[in-house]
There are 2 protein chains.
Amino acid sequence: MPHWTELIAEKKQRQLKSIPQEWLVSPPPDSTLDVTGFPETCGLLTAREIEITNTSVDVLLEKLACGEWTAVDVTTAFYKRAVVAHQFVNCLTEIFVDRALARAAELDDHFIRTGKVVGPLHGLPISLKDQLCIKGLETTMGYVSWIGRYAEKNAVLVDILIECGAVPFVRTNLPQTVMWPESFNNIFGRTTNPHNRSLTPGGSSGGEGALIALKGSPLGVGSDIGGSIRIPSSFCGLYSLRPSYGRVPYCGALNSLEGQDSVHSVFGPMTNSVGGVKAFMKAVVNAKPWLKDPLAVRKRWHEDEYNLADHGYGKDLCFAIMWDDGVVVPHPPIRRSLEITKAALEKAGHKVVDWKPIKHRLLADTTRSIWNAASSEDYMMTTSATGEPIIATMELDDSDATAAPFRPKKIGITAYQLWQAQKLRRDIRKEYLDHWEATSSETGTGRPVDAIICPASSYAATPHGKNRYTNYTTVWNALDYPATTFPVTTVDPTLDAKKPRRVFYDDFDKGIHEMYDPEIFKNAPVCLQLVGRTLEEEAIIKMTEIVDGALAAAK
Amino acid sequence: MPHWTELIAEKKQRQLKSIPQEWLVSPPPDSTLDVTGFPETCGLLTAREIEITNTSVDVLLEKLACGEWTAVDVTTAFYKRAVVAHQFVNCLTEIFVDRALARAAELDDHFIRTGKVVGPLHGLPISLKDQLCIKGLETTMGYVSWIGRYAEKNAVLVDILIECGAVPFVRTNLPQTVMWPESFNNIFGRTTNPHNRSLTPGGSSGGEGALIALKGSPLGVGSDIGGSIRIPSSFCGLYSLRPSYGRVPYCGALNSLEGQDSVHSVFGPMTNSVGGVKAFMKAVVNAKPWLKDPLAVRKRWHEDEYNLADHGYGKDLCFAIMWDDGVVVPHPPIRRSLEITKAALEKAGHKVVDWKPIKHRLLADTTRSIWNAASSEDYMMTTSATGEPIIATMELDDSDATAAPFRPKKIGITAYQLWQAQKLRRDIRKEYLDHWEATSSETGTGRPVDAIICPASSYAATPHGKNRYTNYTTVWNALDYPATTFPVTTVDPTLDAKKPRRVFYDDFDKGIHEMYDPEIFKNAPVCLQLVGRTLEEEAIIKMTEIVDGALAAAK
């Protein structure tokens, strides 16, 4: 067998060859940090292609459904922009232009022949994280050991998206093991943040985050076990949803930690509008994924739940804002985004109270101990085939791997010890549910708090290697609460000056505080999360629309 | 601390004292095997109490709701009959007459005051397996080490049943560890089968099975991780339901193997009519258990699913009969019950095809390896407090514990090994789902098979200690398919003669064959299972009504 570095060289060569030569552009110099404007000025895209790629999912679907734009036109436009984006931020893994355009042409033929769309996502290009197998294509998931692994069939979600008329058109980068909140692996290297390339796009769905921020894809599918959809969405300024476990099918996709049956990874949409989130979820759920994935929940899309039947039909909502999780105090831009949102919601006539977090540290620690029960064995088993190194840090200078909070212990635990951690998690879930229910005494609506609004992270996108704290997202995985992200503002050194703090929860909190420098984080997007109750996807999408509308109205 | 035997003696003394002296009767001699007639002839119950206790749940609820019978009358009647039953078959653990009657009196007061019922189960006495905590009462679950453990609050299901107007009135016996398919523990001893006391009522919900067969309770709650509702229901001739995971709340109940997050135990109803199953499920699901139990699935009771919207509204159903699971061939009475059911369904105009089982042995073995990943540690941890022995066999002669297929290995496995077993189970679930979906090519209905009808066990109730094979139920737990039981016939030595067999799957299959002797199994009830798809509780209740109706019509 060739040395693992040779396998990488050969794979990278094939990746380069998969890019049409005429789509290669001159990227800006590395010193240019904000590249968000370049896709439109690089000269490759026509005016019409720029128009198409600047269009939100809702409108794209309308124009495709009425035949104003063809699937080939739309796919070509996004493909060109995706390939341009890749040259700026290194966001793609698999590139398969001919195949995607052939599929788009089939859709157009069908439309011309029948006058009808194939399904609710007719003609929509969709990018996929490099876990979602497509028949006949390689899926490496960033593992050298999986180079040459060609899928024998589509993941169930890919089948469903195709049935719905979508055009899977690129796959996107992620970290080795999929268990880091940044996006670097031995094969494809590092993805950077298009708003500021000295910052990380986050992870693990960081390829998606960077690609969609550059409008190289109208909608992508990420996965999330501890924040991996919401962190890159937040760092890149996107709308997204981490659904409850079982709402979107996972079957047939690759993953790490397989067989871990407690805190599960889930797939969900990342996009530029909340309408895109809704279009994806409604299409996927209505396709009855439980007939293809035994772990998918048999629960239809409920329009009455979307219309907030369980929340007084949305007339007088009561949101709770969590300013701080009691472990790490958020940086000033995050605090400001919460203040903006509170003011906007009150102006729109909704009530806003404070959320009191309970046991967030224990909940996240317990969740990590469940993942890490056997993660080292899992990673070693996979990488041992080629001897590729297991990545020990996401720092640019990898000689110092001491600060790697996401590395598991070298030796796993027993099944009995795992059960004790799982039991503890379950007990805290009950405590949290009762805590939420008890808020009905303070909302004035007769209901408990309708949704929680909170940071998606304690900071905006960090420099590479510095994203060390994920509890703001991980706790909702631990509780299996669905959560969206939505953009609020960007880091502004004038408005977001560093404020001195005297009191810290601990040295870790102090370290996060000290990391903040408005000039370093400048221009980074700031998003928040909206969190609902388990299996309340419909309701939290509607509530995110309400918050988004209130923010727009308040501007 | 007193010796564990002293703790038992003291507990048994308290149990005896909890029985009103005037309810003690003269039990028939041990040599009397069938005791089903004795509750009505023992002289304790009045004619009206006999009438009440012979009434099915549907009618009981009607008479309670119109005030014809009071909750006190109904509770008193069932309590007396339960205590009589206990004296014949040793089925009860906790007895709390005053408390139950006080609750019944409150319900009657409410009804007189308001003219309204408290909820859909108003006044219905419900028996509970000895896992379901009731505030202020001891819950030992058959562990000596848990004597003196008084619950600080109700299990969520108990709260919901009380909200619905039910009267929890007794708790019932089960095996130590809850992981045996019979019902014997060091504290309360052995429960016997009222149809033939030399036979086991099955387990682990064997106390419920025996009690309800004697009409000492109109409806009971059992739990089922591998057959523990359906085996005793089948051995005792009852209707029952093992719901999918998460449909009925488990939170706040005691259990063994806590923290085992893969193949879960679930609660479900055991009763004398399919109407009772429906009344329980509809009431519990409509009470929104997800607001009290974080693991309960947010899925309302769907009347359209009950009306078989996903099954052509029930007009031309196609059932598949599984005659044999490919591991152990069922005894003649089971075969005959399948033939009776097939003929009845065809007579009623439904289609019947054969079910081809796949990988049942591997599925059940994998499930057991998941449970046993740390079960020894779990049992040892619990029993070590008093040093009570871990029961090694359910045989009457416990000097020979060699034949104990349900005992785990002494040492557990690692978390990594557990994940591999869980992954294997998941992969088989996908295979089974595809297998089921593929039947649409042979049903002639345009749909896959609507439900599977199969044995609940390879035999009717066995002699004590001989229930050694549970795959007929365990596979559906592994797949998380909901399954009901329904009675078909009883063992009849004339009709169910032993048939010679030459070919066996293996020695185990041969051993089960050799166990059969019509005279030994004489009079034992024979039930079957009806199995549906995950979270299809509404539909399989309706289909069980259809099968039950067809059987009645064919008689």
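Just so we're on the same page: letters track the sequence lines, and every chain starts at 1. Note that the coordinates shown come from a computational prediction; the quantities given were computed from them, not determined experimentally.
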Under-4.0 Å salt bridge between B:E437 and A:K292: no
Flag if over 12 foreign heavy atoms under 6.0 Å of CD, A:E303: yes
Any A:I413 side-chain heavy atom under 4.5 Å of B:T414 side chain: no
Side-chain touch B:V297/A:L535, heavy atoms, less than 4.5 angstrom: yes
B:Q260 side chain reached by A:K423 side chain, heavy atoms, under 4.5 Å: no
Side chains of B:R425 and A:D261 in contact at under 4.5 Å (non-hydrogen atoms): yes
Worked check of salt bridge (charged side-chain N to carboxylate O under 4.0 Å, His left out) between B:D304 and A:R300: CA-CA 12 Å; B:D304 60 329; A:R300 293 176 166 73; 5.3 Å; no
Validation row: B:R533, A:W290 side chains within 4.5 angstrom (heavy atoms): no
A:I370, part contacting chain B, at a heavy-atom distance under 4.5 Å: backbone
Distance in Å, B:C251 SG paired with A:D434 CG, rounded so as to fall on 0.5 Å steps: 7.5 Å
Chain B contact via A:N255 - side chain, backbone, both or neither, heavy atoms under 4.5 Å: neither
A:R429 bridged to B:D293 by N-O distance under 4.0 Å: no
Portion of A:E305 that has a non-hydrogen atom of chain B nearer than 4.5 angstrom: side chain
Contact summary for B:W371 and A:W419, nearest pair of heavy atoms: O-CH2, 3.1 Å
Greatest number of heavy atom pairs closer than 4.5 Å to chain B - which of A:R298, A:Q422, A:K299: A:R298
Shortest non-hydrogen contact between B:A374 and A:A415, atoms and distance: CB-C, 4.0 Å
Beyond-backbone contact of B:Y416 with A:M381, side-chain heavy atoms, under 4.5 angstrom: yes
Residue A:L433 versus chain B: region with a heavy atom under 4.5 Å: side chain
